[in-house]
2 protein chains.
Amino acid sequence: MHLRFVEIFCDVAQRRSFSKGAEAQNVSQSNASQAVSKLEERLGTLLIDRSKRPLELTPAGQMYFEGCREILERFRTIEDRVQAIADRVVGPVRVAAIYSVGLMQMEQTVHRFEQLYPDASLRLDYLHPDQVYQQVLDDKADLGLVSYPRPNSEILSIDWQVQPLVLVVPPQHRLAGQHAVSLSALDGENYIGFTRELTIRREIDRQLKRARVAVQIVREFDNIENIKRAIEAGSGLALLPKPTVWQEISSGTLVAVDVSDASDLVRPLGIIHKRHKQLTTAVRKFIELLQSPSAGLAPVEPVRSISAGKSPAHAAGAASARLTLPQNGHAPGATVSDDGTLIVPRRKRKSRRT
Amino acid sequence: MHLRFVEIFCDVAQRRSFSKGAEAQNVSQSNASQAVSKLEERLGTLLIDRSKRPLELTPAGQMYFEGCREILERFRTIEDRVQAIADRVVGPVRVAAIYSVGLMQMEQTVHRFEQLYPDASLRLDYLHPDQVYQQVLDDKADLGLVSYPRPNSEILSIDWQVQPLVLVVPPQHRLAGQHAVSLSALDGENYIGFTRELTIRREIDRQLKRARVAVQIVREFDNIENIKRAIEAGSGLALLPKPTVWQEISSGTLVAVDVSDASDLVRPLGIIHKRHKQLTTAVRKFIELLQSPSAGLAPVEPVRSISAGKSPAHAAGAASARLTLPQNGHAPGATVSDDGTLIVPRRKRKSRRT
DNA sequence: CTCGCATTATCATTTCTTTTAATAGTCCAG
DNA sequence: CTGGACTATTAAAAGAAATGATAATGCGAG
């Protein structure tokens, strides 16, 4: 019997819908219906109770589903391992990233990946943060690239980068000439903020409050691009992850100023994936590439590194407690790039934190 | 990809031959060749090195083979369990039996099985003992019914019956009138024996030697049927498993006389199967049926049970050491039928003896 | 209860895959 | 080097799966 049918059945069972399952498998609804029928015919047993909306699995269907899911997983693993033996890195790598991971850096990584592993097929989608989680959960993406990663019982997060936040101002701004400023310099300034539902907004608010700095919030956007445009338009200034403004700094449309007294002012990025899913070789290779020091860096960067001994560290809130780094000194082996981004190195598979 | 291809590949890999594998799967050789090609194409890796005779698996092929074998096994188990939930006992049950298990009894059991589980398909082949082992080893039979079972690292044996050996004589023989005789009564008699390569021959020889009884061996056969014909022809007498002469006793062409002083004179029968193979529900049901007290008995039998307190026990040689029963008293729960056959009850799966 | 919406089943048709039989090619032993 | 056993290749036929349209069904709102 076609293993395909089993895949379709599993998707239908998981999504509790023939149409959804069919769509997920890129087949017609008719096909999904017939595929499940074939399986039922073969087993001589009803797997799905269609008299309920949404459909329900029969006890037999439940057992079949659980068993088959494991078998499919194993089969994929075997296929992947066989290919690995022959040094073939193949198969799909589906990555969902938030917009602000930095298009430039990602494009570079994608390009390198495609060169290194021409037999693999990489798809990279830029989505809203919630959608990234959803795609990973729904198994529509193998990896998700998110900020302030929130691991849970279903999702595991791998530390990736720790991006320092810098003060971004228009070139003509009075602070534009400074090498570094204190947070207090922001007091009373017109500020372009993130919208309140975003974790980065809450983090920045916390830091400002702690420093007893009050800014005048004049605009709110849910994405970095708009914030940058607003700064360029002279509406105000903002704290943004340094790598995300590389292009504007290079072209001189914006100026970034380091913040000297807020080493906790960082945006951690994480690579998330489903916890109980065996990653394919191709996916693991992509993670390796993301974690290699040469990735994720701004191509050309005026040398203005953060002061030594003050490592970027992120005193995270409840939602992102995992990424707390030692306050003094980098994580062992961590790489600091020219723009201050901390690349968290590949972790030995030893202790899995929950 | 068709699971069928994987099955074919596994059979080809196991038998180290395309043609043999194809035959085992009931497909053409061409088909097997193409099936493996398809898999190789999909994986982009060579699985089989055809430049050697007999063919060899590549490292990738070896890994794929091992992985797939396990997956197929799991898949079959899942399918079986799903069917079991729905109270469906289906699938093939392939049994290989030695000729002398008793056609009558087996026919009865087969009939009952087919009535109880019409959706299962039972095939019963009568073969030479060595072939029975071979078929089980080659996975061409799910179960084997053999005498003096020899479990090993590949084959597991389930105790089934302990058949008492009785003295079989022609009706006109001087011992025909006795209810029971001592082994010594055989001294000097013309004896029809089994051929020397058979375990039962060696067992009987041991017992005769121990009783210091010398018989005159006038004929040797490798099967019971011929021995019976020879006895009918007046060539001599023989010690035979009682159930195997039921028909001749009923019709009066032969007479069976119990042997009073040789409680170890028994032929144990066992159900063998591959050790590491998960048995399907249908196969387990067949075993249950074999072990149920009503099975394996001679349909109508003159009541002449063996003396109470003297249980048939088999002091086995090295080859059949497993079946050693307590010298006094039956195995717990064992059933003694009218003809003295001891039906060994279903054993709780607790300690696996090697 | 009934209507409308969303979902699933059924069907005929097209398209694709699998199967087969015949044939050509390859490897090994003598 | 040759014969025999084995495997690959091919084209045609048989078979299975995918599709789109349509019918049937269940669910919830009014």
Side-chain angles (χ1 to χ4, degrees), chain A residues 1-62 64-65 68 72 75 79 92 138 140, chain B residues 1-62 64-65 68 72 75 79 138:
Chain A
M1 184 71 20
H2 246 279
L3 211 49
R4 201 72 217 293
F5 289 176
V6 177
E7 287 182 315
I8 292 174
F9 165 72
C10 283
D11 241 321
V12 166
Q14 190 166 22
R15 294 176 162 68
R16 292 195 140 42
S17 155
F18 278 82
S19 353
K20 304 269 171 56
E23 193 189 9
Q25 290 282 338
N26 287 316
V27 294
S28 66
Q29 168 267 320
S30 166
N31 202 331
S33 178
Q34 290 184 63
V36 174
S37 294
K38 280 265 166 60
L39 288 180
E40 289 177 327
E41 195 180 310
R42 176 186 165 95
L43 294 168
T45 306
L46 220 59
L47 295 173
I48 290 178
D49 180 358
R50 284 105 157 147
S51 74
K52 303 253 174 64
R53 292 295 155 84
L55 60 81
E56 272 182 22
L57 293 180
T58 62
Q62 185 62 35
Y64 196 63
F65 172 51
C68 285
L72 288 178
F75 192 67
E79 287 200 324
D138 292 353
K140 299 193 164 189
Chain B
M1 182 77 13
H2 249 278
L3 211 49
R4 200 73 216 296
F5 290 176
V6 176
E7 287 183 314
I8 292 174
F9 165 73
C10 283
D11 240 321
V12 167
Q14 190 166 22
R15 293 177 162 69
R16 294 199 135 42
S17 155
F18 279 81
S19 351
K20 303 268 172 56
E23 194 188 10
Q25 290 282 339
N26 288 314
V27 294
S28 65
Q29 168 268 320
S30 164
N31 202 331
S33 178
Q34 291 184 64
V36 175
S37 293
K38 280 266 163 63
L39 288 180
E40 290 177 329
E41 194 180 310
R42 176 186 165 94
L43 294 168
T45 307
L46 220 58
L47 294 174
I48 290 178
D49 181 357
R50 285 108 158 144
S51 73
K52 304 254 174 63
R53 292 294 153 86
L55 59 81
E56 272 181 24
L57 294 180
T58 63
Q62 185 62 36
Y64 196 64
F65 172 51
C68 286
L72 287 178
F75 192 67
E79 288 200 325
D138 292 353

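These numbers come from a predicted model, not from an experiment. Just the heavy atoms: all of them, side chains too, but no hydrogens, waters or symmetry mates, feed the values below. Within every chain, numbering begins at 1; the chains are lettered A, B, ... in the order of the sequence lines, protein sequences first and strands thereafter.
- Under the 3.5 Å distance criterion, the side-chain polar atoms of Ser17(B) are left unmatched by any main-chain donor or acceptor of Arg15(B).
- Rounded to whole Å, the distance from CG on Leu46(B) to P on dT7(D) is 14 Å.
- One finds the CG atom of Leu39(A) at 11.0 Å from the OG1 atom of Thr45(A) (value rounded to the nearest 0.5 Å).
- One interatomic measurement links the two molecules: CD of Glu56(B) to P of dC6(D), which rounds to 17 Å at whole-angstrom precision.
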Below 3.5 Å, can you tabulate the donor-acceptor pairs from side chains in residues 27-35 of chain B to any protein atom, sequence neighbours excluded?
from	atom 1	to	atom 2	distance (Å)
Ser28(B)	OG	Asn31(B)	N	3.1
Ser30(B)	OG	Gln34(B)	NE2	3.1

Determine whether Ile48(A) and Phe9(A) satisfy the following criterion, side-chain contact (heavy atoms from CB on, under 4.5 Å), listing intermediate values before the conclusion. CA-CA 9 Å; Ile48(A) 290 178; Phe9(A) 165 72; 3.9 Å; yes
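- At whole-Å resolution of the value, CG in Leu3(B) and C1' in dA16(D) are 16 Å apart.
- Remark: C1' of dA17(D) and CD of Glu41(A) are 13 Å apart, rounded to the nearest angstrom.
- Note: Leu43(B) CG to Tyr64(B) OH = 5.0 Å, rounded to the nearest 0.5 Å.
- The distance from atom NE2 of His2(A) to atom C1' of dG15(D) is 12 Å, rounded to the nearest whole Å.
- Rounded to whole Å, atom C1' of dA8(D) lies 16 Å from atom CG of Leu39(B).
- Comparing the end axes of the helix from dC1(C)-dG30(D) to dG30(C)-dC1(D), each fitted to five base pairs by superposing C1' atoms of four pairs onto the next four, gives an inter-axis angle of 40° (nearest 10 degrees).
- DNA chain C is contacted by no residue of residues 16-23 of chain B, taking any non-hydrogen atom closer than 4.0 Å.
- Rounding to the nearest 0.5 Å places CG of Leu3(B) at 5.5 Å from CZ of Phe75(B).
- With rounding to whole Å, Leu47(A) atom CG is found 15 Å from dT8(C) atom P.
- Enclosure of atom CD in Gln25(A) by more than 12 non-hydrogen atoms of other residues, nucleotides or ligands within 6.0 angstrom is indicated.
- Salt bridge annotation for Arg4(A)-Glu7(A): present, with a cationic side-chain nitrogen under 4.0 angstrom from a carboxylate oxygen.
- Contact between the side-chain N/O atoms of Lys38(B) and the OP1/OP2 oxygens of dT17(C) is not found at any separation under 4.0 Å.
- With a 6.0 Å radius and a threshold of 12 heavy atoms from other residues, nucleotides or ligands, Glu23(A) has its CD atom at or below the threshold.
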Restricting both atoms to N or O, compile the protein contacts to nucleotides 20-26 of chain D shorter than 3.5 Å, with distance only.
from	atom 1	to	atom 2	distance (Å)
dG20(D)	O6	Ser30(A)	OG	2.7
dG26(D)	O3'	Ser51(A)	O	3.4

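- With sequence neighbours left out, Glu40(A) forms a salt bridge (charged side-chain N to carboxylate O under 4.0 Å, His left out) with Arg50(A).
- For Asp49(A), the salt bridge (charged side-chain N to carboxylate O under 4.0 Å, His left out) partners at least two apart in sequence or on another chain are Lys52(A).
- Distance Ile48(A) CD1 to dT7(C) P: 15 Å, rounded to the nearest Å.
- In this structure, Asn26(A) and Ser37(B) both approach DNA chain D, and ranking their closest nucleotides by distance from the 5' end singles out Ser37(B).
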